[in-house]
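Let me begin by presenting the structure, written as structure tokens, before commenting on it.
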Amino acid sequence: MKQKQQDGGVDAVEKTAAETTPTLVVGPYASGRGASARDTRSSEARIAEAVALGDAIDLDVRRGLVVNLGTVRPSTYLGKGKVEELAEICRELSIGLVVMDCALSPVQQRNLETAFGTKVIDRTGLILEIFGRRARTKEGTLQVELAHLAYQKSRLVRSWTHLERQRGGFGFLGGPGETQIETDRRLIEERMARIERDLDHVKQTRATNRKTRVEVPFPTVALVGYTNAGKSTLFNRLTRSAVLADDMVFATLDPTLRVLKLPHRGRVILSDTVGFISDLPTMLVSAFRATLEEVVSADVILHVRDVAHEDTQAQSADVLAILHELGVDAEDRERVIEVWNKADLLDPDRLAATLDAAAHKRADERPAVVSALAGTGVDVLLDTIERRLATHATSLNVDLDPSDGRGLNWLYETTEILSRADDEDGTIHLTVRVAPERMERVQNRFPTAARVPVG
């Protein structure tokens with residue numbers, strides 16, 4: 001979809017998808033003293049992202065409009081004059097849905113719906129809707145439903161108008177029973193409890209699979225980053241796979257794992273995860289915690305950044321905040337590698353400046369500047385991954401008698417084979433990489449194995 005600036009916002013002028021719900025996207029962003037220190041993005045970039053969220057589920061976004069907000073009104077979030085102005089725009093454009101790029105209270109949402117004469121959802125509701133559309137696996141569907149229910153539970157006050165008490169007791173003299181809202185809340189809580197039990201089972205299965213992978217001598221590498229930073233494109237480039245990698249937010253939701261071959265014959269398991277976004281609903285982070293444990297347990301984390309985006313620094317800060325919430329030390333330079341992606345979108349001057357900035361960082365903090373689409377810089381990234389993994393493992397030279405087929409098979413199952421050479425007499429010379437937790441077992445079985453000198 002092509003866009004043009006108008007009225008301080010973004011107008012959608014071309015739509016390739018079928019006409020759907022006519023939508024107005026409103027960005028009520030704090031200005032002046034009302035702005036917080038974390039509001040580092042420009043209003044134009046924020047409204048463009050909000051419009052992209054609407055496009056992700058094929059809404060017919062008629063206009064994206066920025067509203068400079070001085071103070072938040074408890075009843076309608078916006079001032080009375082702005083509410084009336086937006087109501088007029090809704091009538092002029094035949095709007096059926098208004099997306100408020102903020103977090104609304106149930107009362108604010110109800111009052112705005114009354115004023116606009118349309119359905120109103122906030123940023124959290126829109127993101128939940130996108131996740132609901134994207135979920136493909138049973139686990140993903142359960143996670144999204146759990147987040148939806150948590151959100152709906154907090155909004156029952158506005159979801160129901162029939163809040164009269166149900167008749168309880170027997171005959172005609174039964175006293176007042178529980179209210180309808182209490183009934184609905186109880187039903188939601190029961191459903192949430194069932195989903196959480198199902199997710200616990202999924203979590204146990206995932207933990208079992210992860211334990212099985214630990215027994216296989218493959219380290220794990222996880223891709224994380226802001227949505228639409230190019231993680232899935234990089235995943236496809238590295239693994240030669242065909243994971244969905246469209247130019248849209250949240251193109252990938254369910255995690256994908258593939259084996260990746262490194263330059264010196266080593267192998268790792270590469271995991272592509274859901275993209276992050278600013279103001280990611282807390283209930284989604286909680287619901288997807290089991291999925292994101294692939295990141296928590298990874299040996300190396302690739303933080304993929306869209307270096308061509310004007311708000312790349314702010315996006316990076318959002319990703320680091322979510323990693324911190326997951327319990328990941330984003331400052332661990334031995335584990336986290338920054339990948340500055342989409343270098344192909346930089347003009348020559350910006351590209352030169354970006355490469356220079358990367359080169360002047362300390363060796364352990366130096367990012368890999370790549371274009372996942374064009375493939376440039378990927379070889380350097382693979383070398384960097386290999387070096388980081390090597391810092392946690394030990395390389396050994398092992399000589400085997402040709403009759404020791406069982407020992408050879410054990411090494412292939414327990415260690416990572418880096419090289420192999422066979423003498424004319426059948427003696428097998430192996431160079432293997434051993435994870436720290438397996439080192440004692442290997443040395444006990446092959447006491448003559450010699451460490452490979454570093455450097």
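- Between the CD atom in Glu416 and the CG atom in Leu262 there is a gap of 7.0 Å [rounded to 0.5 Å].
- The side-chain hydrogen bond (donor to acceptor under 3.5 Å, both in side chains) search around Arg237 returns none, not counting sequence neighbours.
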Take Leu302 and Ile385 through the side chain to side chain contact (heavy atoms under 4.5 Å, CB included) test and state the conclusion after the steps. CA-CA 9 Å; Leu302 302 183; Ile385 295 172; 3.9 Å; yes

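- Glu84 is linked by a salt bridge (charged side-chain N to carboxylate O under 4.0 Å, His left out) to nothing, counting only residues two or more places apart in sequence or in another chain.
- Residues satisfying the side-chain hydrogen bond (donor to acceptor under 3.5 Å, both in side chains) criterion with Arg197, sequence neighbours excluded, are absent altogether.
- Residues Pro263 and Asp383 share a closest heavy-atom pair of CG-OD1, 3.5 Å.
- Atoms CD and OG1, on Glu49 and Thr227 in that order, are 8.0 Å from each other to the nearest 0.5 Å.
- A donor-acceptor pair under 3.5 Å is absent between the side-chain atoms of Arg335 and the main chain of Arg388, judged by distance alone.
- Residues Tyr226 and Ser278 are in side-chain contact: their nearest non-hydrogen atoms beyond the backbone lie under 4.5 Å apart.
- Annotation: side-chain hydrogen bond (donor to acceptor under 3.5 Å, both in side chains) contacts of Asp299 (sequence neighbours excluded): Thr220.
- For the pair Pro22/Leu93, no side-chain contact is recorded, criterion being any heavy-atom separation below 4.5 Å from C-beta on.
- Leu86 places none of its side-chain heavy atoms less than 4.5 Å from the side chain of Val98.
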Would you check, one step at a time, whether the test side-chain hydrogen bond (donor to acceptor under 3.5 Å, both in side chains) holds for Asp101 with Tyr29? CA-CA 8 Å; Asp101 190 32; Tyr29 306 133; 2.5 Å; yes

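- Looking only at distances, a side-chain donor or acceptor of His148 sits under 3.5 Å from a matching main-chain atom of Leu128.
- Two residues are said to be in side-chain contact when any heavy atoms from C-beta on lie closer than 4.5 Å; Leu112 and Met100 meet this criterion.
- The side-chain heavy atoms of Leu260 and Leu382, taken from C-beta on, include a pair separated by under 4.5 Å.
- Note that CZ of Phe131 is 11.0 Å distant from CG of Leu126, once rounded to the nearest 0.5 Å.
- Applying the side-chain hydrogen bond (donor to acceptor under 3.5 Å, both in side chains) test to Glu145 and every residue at least two apart in sequence or in another chain returns Arg191.
- Of all heavy-atom pairs spanning Thr118 and Ile95, the tightest one is CG2-O, 3.1 Å.
- Between Glu190 and Arg186, at least one side-chain nitrogen of the basic residue sits less than 4.0 Å from a carboxylate oxygen of the acidic one, meeting the salt-bridge criterion.
- Inter-residue side-chain proximity for Thr312 and Trp340 is flagged as unmet; no heavy-atom pair is nearer than 4.5 Å.
- The line from OG of Ser94 to CG of Asp60 is 10.5 Å long, rounded to the nearest 0.5 Å.
- Rounded to the nearest 0.5 Å, atoms OH (Tyr151) and CD1 (Ile127) are 10.5 Å apart.
- Of all heavy-atom pairs between Leu53 and Ile130, the closest is O-CD1, 3.3 Å.
- We find the CG-CG distance between Leu320 and Asp329 to be 10.5 Å, quoted to the nearest 0.5 Å.
- Evaluated for a side-chain contact (heavy atoms from CB on, under 4.5 Å) with Lys119, the options Thr21, Leu97, Thr23 yield exactly one hit, Leu97.
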Test side-chain hydrogen bond (donor to acceptor under 3.5 Å, both in side chains) on Ser75 and Asn111; report intermediate values, then the result. CA-CA 7 Å; Ser75 60; Asn111 289 341; 5.0 Å; no

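- Here the side chains of Val72 and Gln108 are in contact, with some heavy-atom distance below 4.5 Å.
- Within the structure, salt bridge (Lys or Arg N to Asp or Glu O under 4.0 Å) pairs that include any residue of residues 85-95 comprise Lys82-Glu85, Glu88-Arg91 (at least two apart or interchain).
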Check the pair Asp306 / Asn228 against side chain to side chain contact (heavy atoms under 4.5 Å, CB included), numbers first and verdict last. CA-CA 8 Å; Asp306 178 359; Asn228 209 25; over 6 Å; no

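- Proximity of Leu199 to Gln143: side-chain heavy atoms (C-beta onward) are separated by under 4.5 Å at one or more points.
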